[in-house]
Chemist: 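Below is the structure I would like to discuss, written out as C-alpha cells.
Counting from 1, the numbers follow the sequence of the chain as shown. In what follows, every heavy atom counts, from backbone to side chain, and hydrogens, waters and symmetry copies are set aside. First listed ligand is number 1; within each ligand, the first listed atom is number 1.
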Amino acid sequence: MKDRIFSKLEEQGVSRALIRDVEQFRDSHRVPEQAADRLLEPSMPFFGKEILEMSMGALLVGENLLLSGSKATGKNVLAENLAWIFGRPLYSVSFHVNTDSSSLIGTDTFVNQEVCFREGPIYQCAVNGGFGVLDEINMAKNDAAAVLHAALDYRRMIDVPGYSRIFLDEATRFIGTMNYGYAGTRELNEALVSRFLVIDMPNLTEEVLHQLFQYQFPDLNPRAEEALSGLFLDFETKAENSEISTKPLDLRGLLAAVRLMKIGIPPVRALQMGIVNKSFDGFEKEIVQDIVATRIDEAWTAEDIFCKG
Ligand SMILES: Nc1ncnc2c1ncn2[C@@H]1O[C@H](COP(=O)(O)OP(=O)(O)O)[C@@H](O)[C@H]1O
Ligand SMILES: [Mg+2]
C-alpha cells in the first residue's frame, strides 16, 4: 500500500507512530461499496510535515478540522490528501449564498411518479464514513450552518426533515476551509468555530515552492526555479501590503504556465496567460506585468527553463 502520497509522508519525516495509527484506522474502517468510487488519489502530495502531523492527529482523535489561511496555501490539497491517507471517500461542498439545508442533506424528488429522497452530499458523507470538505464554510448562511451544528458536535447526528434522524458513521469527519485573506474576510460564526480544531495555514515559503517545483518539474533548471518562485513570493508580499489583489497569487496558474513553457511557449507569454491576464483591472495588470518583467527575461525561451536531458 505504498503509493506516492504515503511515500511522501515518510520522506518528509512524518511521525511513524502517527502513520501507524492511521494505518490502523484504515484497517478498522471498511469503505462501503457504493462509496468506493469516491476514493480519489490526489494529484499532488501536500508538503509540510508539521501541518500534516497536526491534521492527522486531530482526525485520529475524532475531531473535525478547520483550515484557515490565505489563498493558495494548499487547504484543499491538504483536505484531499487527508481523505486519501485515511482511506476515506471524499465529499465536497462549496458554500455560497445559495447553499441551503436541502442542497446539503437532500430533498424529495419524483421518480416514476413516486416521491423519493435524493441524498445530498452531507447525507452520503455521513452514512458512508466519508471525509466531507466544507469549502469556504464561512460563506454558509444560517440555514446551512444550522444543519451542521448537530453533525459537528458530540451528537454526530443529522435531522432529515420529514424523515428520521441519521447518525454519522464512526469514520466520518468534516474538514472546513476558509480563506482568511489579506482583504476583508467573512467571519465564521462562533458556534461553528467551536466545533472544530483550527489550523492556521502558513503562507507558501521558498522551501515548499522548491518541493512543489521539484515534484512537478524535476528537470526545471535552478536559475529558472529561482526566478519563478521569486516571482510568486513577490506577489505574496505585494498582496500582503495591499499593493495588488490576490488574483495574481495563483499557484495553479503559475504551474500551468510552466507546463506551457515545457511545450515551447515563450516564458513571458506563458506567464501572461497563467497570471498577468487574470487581473482585469488595467492598473493592477500593469504592476503585475512589471513584476514579471523584473524576474523573467523577455528573451528567455523554453530552453532557458529546463535542463537539457
Ligand atoms: N503545502 C503545499 N503542498 C502541496 N501543494 C501546495 C501546497 N501549498 C499550495 N499548494 C499548491 O497550490 C495550489 C492551490 O492549492 P489549494 O489547495 O487549492 O489552495 P487553497 O485551497 O488554500 O486556496 C495547488 O496547485 C497546490 O498543489
Ligand atoms: Mg481552496
Chemist: How does Leu251 reach ligand 1, by side chain, by backbone, by both or by neither, if only non-hydrogen atoms under 4.0 Å count?
Modeler: side chain
Chemist: Classify the contact between Leu255 and ligand 1 as side chain, backbone, both or neither, using a heavy-atom distance cut-off of under 4.0 Å.
Modeler: side chain
Chemist: So which protein heavy atom does atom 4 (C) of ligand 1 come closest to, and at what separation?
Modeler: Pro45 O, 3.2 Å
Chemist: Between the side chains of Asp100 and Ser103, does any donor sit under 3.5 Å from an acceptor?
Modeler: yes
Chemist: Atom CG of Asn138 and atom CG of Asn179: how far apart are they, to the nearest 0.5 Å?
Modeler: 7.5 Å
Chemist: Among all protein heavy atoms, pick the one closest to atom 6 (C) of ligand 1 and tell me residue, atom and distance.
Modeler: Leu212 CD1, 3.9 Å
Chemist: Salt-bridged, Arg20 to Glu23, with N to O below 4.0 Å?
Modeler: no
Chemist: For Leu204, which part has a heavy atom under 4.0 Å from ligand 1: side chain, backbone, both, or neither?
Modeler: side chain
Chemist: Quick one: does ligand 1 sit under 4.0 Å from the side chain of Lys75, the backbone, both or neither, non-hydrogen atoms only?
Modeler: both
Chemist: What protein heavy atom lies closest to atom 21 (O) of ligand 1? Include the residue and the distance to one decimal.
Modeler: Asn76 OD1, 2.6 Å
Chemist: Answer yes or no: is there a side-chain heavy-atom contact under 4.5 Å between Met273 and Arg269?
Modeler: no
Chemist: May I ask whether Val208 has any heavy atom positioned less than 4.0 angstrom from an atom of ligand 1?
Modeler: yes
Chemist: Regarding His210 and Glu225, do their side chains bring together a donor and an acceptor under 3.5 Å, going by distance alone?
Modeler: yes
Chemist: Is there a side chain to side chain contact (heavy atoms under 4.5 Å, CB included) between Phe217 and Leu255? Walk through the geometry before answering.
Modeler: CA-CA 9 Å; Phe217 309 103; Leu255 297 173; 4.1 Å; yes
Chemist: Which residues and atoms, protein N, O or S only, are under 2.8 Å from the Mg ion (ligand 2)?
Modeler: Asn76 OD1
Chemist: Can you tell me how the ring of Phe131 sits relative to the ring of Phe25, calling it parallel under 30°, perpendicular over 60° and tilted otherwise?
Modeler: perpendicular
Chemist: To which protein heavy atom is atom 14 (C) of ligand 1 closest, and what is the distance rounded to 0.1 Å?
Modeler: Arg252 NH2, 3.8 Å
Chemist: May I ask you to say whether Arg155 pairs ionically with Asp153, meaning some side-chain N is under 4.0 Å from a carboxylate O?
Modeler: yes
Chemist: For atom 23 (O) of ligand 1, what is the nearest protein heavy atom, given as residue, atom name and distance?
Modeler: Ala72 N, 2.9 Å
Chemist: Looking at Gly274, is its backbone amide N or carbonyl O close enough to the side chain of Lys278 to form a donor-acceptor pair, meaning the two atoms are under 3.5 Å apart?
Modeler: yes
Chemist: Would a distance-only check, ignoring hydrogens and angles, find a side-chain to backbone donor-acceptor pair under 3.5 Å from Asn189 to Ala191?
Modeler: yes
Chemist: Closer than 3.5 angstrom, by distance alone: can the side chain of Asn64 be matched with the main-chain N or O of Leu152 as a donor-acceptor pair?
Modeler: yes
Chemist: What distance separates Leu18 CG from Ile85 CD1, expressed to the nearest 0.5 Å?
Modeler: 10.5 Å
Chemist: Distance only, no hydrogens: is a donor on one side chain within 3.5 Å (strictly under) of an acceptor on the other, for Asn203 and Ser70?
Modeler: yes
Chemist: Give me the nearest non-hydrogen protein atom to atom 3 (N) of ligand 1 as residue plus atom name, then the distance to 0.1 Å.
Modeler: Phe47 N, 2.9 Å
Chemist: Out of all atoms in ligand 1, which are within 4.0 Å of some heavy atom of Phe46? Include the element for each.
Modeler: 1 (N), 2 (C), 3 (N), 4 (C)
Chemist: What protein heavy atom sits nearest atom 19 (O) of ligand 1, and how far off is it?
Modeler: Gly74 N, 3.3 Å
Chemist: Considering non-hydrogen atoms of the protein only, which is the closest contact for atom 26 (C) of ligand 1, and what is the distance?
Modeler: Val77 CG2, 3.4 Å
